J.: 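Pasting a structure here, questions to come.
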Amino acid sequence: MESSARAFKENARAAVADPQLKRALSHVKEGFIGKRAKAAAKLPEFEVLRDAARDIKNHTLDHLDLYLEHYERKVTEAGGQVHWCPTAEDARRAVLEICRAAGARTVTKGKSMIAEEIALNDHLEANGITPVETDLGEYIIQLRGETPSHIIAPAVHLTKDLIEADFRAHHTALPPERPLSEPRQLVNEAREVLRDKYLAADVGITGANFLVAETGTSVIVTNEGNGDLTQVLPRVHIVVASLEKIVPTLEDVSTILRVLARSATGQECSTYTTFSTGPKRAEDPDGPDQYHVILLDNGRSSMLGGEFQDMLRCIRCGACMNHCPVYHAIGGHAYGWVYPGPMGAVLTPSLIGIEEAGHLPSASTFCGRCESVCPMRIPLPKMMRHWREREFERHLSPTGARAGLALWAFFAKRPALYHFVTGMAAPVLAALGRGRFRRLPLAGGWTAHRDMPAPEGRTFRQLWAGHRQGGSR
Ligand code: SF4
């Protein structure tokens, strides 16, 4: 995927013109939003829990070095090993070395956005190791050679019919006339196909929703149980996680879990929440012989102490994109890199640079819904504004936008002139627009797919002055 302003515009244009994508994305609006609202309404202390979750993460980030060191100590005590990886390349190399040492030919994988971030599958394949995705959504997009379009629902851009066609095209050993039009039939078939892969895998790779400093535990939250099979059945378990996944204690995890599932899928808790500490102990009936944690930085430590630190509170629930009108219109692939939606618009420039991703913070209406639903109270619009400022300061924004802002700044610095000009312009624009503009000179994009309401004839200040005087003119 290419992340550039031009690619984004082209992707977005293609996405809004795609009726199949529109149909698939309607489920995001209809499903996730209502379920989250109901789950939040049923829990009287939901807002208090959001504050508590935010405070836990803020405290952790303020003492991240201490908690990371403590976490490593605990992992080592439990018989595991932490691999510190400053860059994506370091992380890829570490995973490959572990796989090679295990003589791995096939690895099973649970869902992991960090694995996407470091392009792990491509790296493993290039080195003769076959990765098999076991999360249903990830499995589907792996068959299609695609990347996830949503951080918790990777195949949300696809309809049932498309998935059925993919299964028929790839599962050729199964009877062609089998019924496959119902979601349950698709799930059962994927389960059947994947069962053997779990047993054949030499290494299982999972992500982590949390890393617990107190105990050296990694926590995964899933609804399919695939993560458990991935980490328990192979001889080697590798956890790939970024360093901000640390939380101090198990009690802190339980607090954040209460807002995570409700914000993500509207569940009180996910079907499986699995805690793993080290490899199999003598008294354990099953589990891996080796337990490795790939701890990735990849630019995150440089966000500490700066205006983007709050973004490191993100627990990847997906609520911000579920409520984002831009995401609803274009889906996740248009964003061009791993993290879509409002959280991606803030995180992506932090990780790959404003030069590559400066256009993403501009892909926002600033309606504020993302911040209003974020369980970790991350001020996403404020941080997008910071990125826009940086883009402007570095002369990376388009010339037209810069000229428009310069013109606006000229008037904004001269309030009397500003009020005089807007006072004159409002009735003129009202007369010209007669209710709505169907086309705008120099800003055709605004009216390409919708009308622009014309001013009503008087400015807000004029209306306000009239109101203060007791009139309703
Ligand atoms: S920014 Fe907030 S709402 Fe978006 S994924 Fe992260 S925690 Fe969830």
Side-chain angles (χ1 to χ4, degrees), residues 28-29 31-37 39-40 46-47 49-58 60-61 111-114 116-117 137 148-154 156 207-210 219 221 241-247 252-253 255-267 269-270 300 303 307-328 331-332 335 337-351 357 360-361 363-387:
V28 176
K29 266 202 263 188
F32 287 125
I33 293 180
K35 285 180 186 162
R36 178 207 169 269
F46 187 68
E47 296 304 318
L49 282 171
R50 286 175 73 187
D51 290 340
R54 175 200 56 202
D55 295 347
I56 289 167
K57 274 291 197 176
N58 279 347
T60 315
L61 293 170
K111 206 175 103 40
S112 161
M113 293 310 292
I114 295 299
E116 296 291 334
E117 184 180 320
S149 64
H150 190 288
I151 59 173
I152 66 161
V156 76
N209 291 83
F210 306 101
V219 184
V221 174
S242 48
L243 42 80
E244 83 279 13
K245 295 287 169 74
I246 288 277
V247 286
D252 293 331
V253 171
T255 301
I256 303 177
L257 280 172
R258 297 184 72 195
V259 292
L260 171 58
R262 288 177 170 88
S263 304
T265 50
Q267 293 165 284
C269 64
S270 300
R300 288 164 174 82
M303 294 165 70
E307 52 197 350
F308 300 107
Q309 172 170 314
D310 289 344
M311 193 61 224
L312 296 175
R313 293 203 300 266
C314 177
I315 53 172
R316 308 289 190 268
C317 70
C320 55
M321 58 200 73
N322 294 343
H323 291 75
C324 174
V326 177
Y327 183 92
H328 290 166
Y335 289 80
W337 203 59
V338 179
Y339 301 105
M343 58 81 69
V346 176
L347 187 61
T348 303
S350 306
L351 299 185
L360 295 180
S364 168
T365 63
F366 275 10
C367 64
R369 289 176 88 192
C370 50
E371 182 175 356
S372 73
V373 297
C374 174
M376 306 307 288
R377 299 205 189 280
I378 299 174
L380 292 155
K382 185 176 95 179
M383 288 191 286
M384 283 187 243
R385 218 162 33 240
H386 286 325
W387 277 127

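Each ligand, and each atom within it, is numbered from 1 in the order the structure gives. A quick note: this is a predicted structure, and the numbers were derived from the prediction, not measured.
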J.: Which atom pair, heavy atoms only, marks the closest approach of Trp387 to Val346?
T.: NE1-O, 3.1 Å

J.: Which atoms form the tightest heavy-atom contact between Pro325 and Thr365, and what is the distance?
T.: CG-OG1, 3.9 Å

J.: Tell me, which protein residue and heavy-atom name are nearest atom 5 (S) of ligand 1, and how many Å apart are they?
T.: Gly318 N, 3.3 Å

J.: What are the protein N/O/S atoms, named by residue and atom, that sit under 2.8 Å from atom 2 (Fe) of ligand 1?
T.: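 The answer is Cys374 SG.
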
J.: Are Arg300 and Glu117 within salt-bridge range, i.e. N to O under 4.0 Å?
T.: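 Answer for the salt bridge query: yes.
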
J.: Are side-chain heavy atoms of Glu371 and Lys382 found at a separation under 4.5 Å?
T.: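 When only atoms from C-beta onward are counted, Lys382 and Glu371 do not touch, as no gap falls below 4.5 Å.
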
J.: Do the charged groups of Glu244 and Arg316 touch, with an N to O distance under 4.0 Å?
T.: yes

J.: Taking the six-membered ring for Trp, are Phe32 and His150 parallel (under 30°), tilted (30 to 60°) or perpendicular (over 60°)?
T.: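 Correct class here is parallel.
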
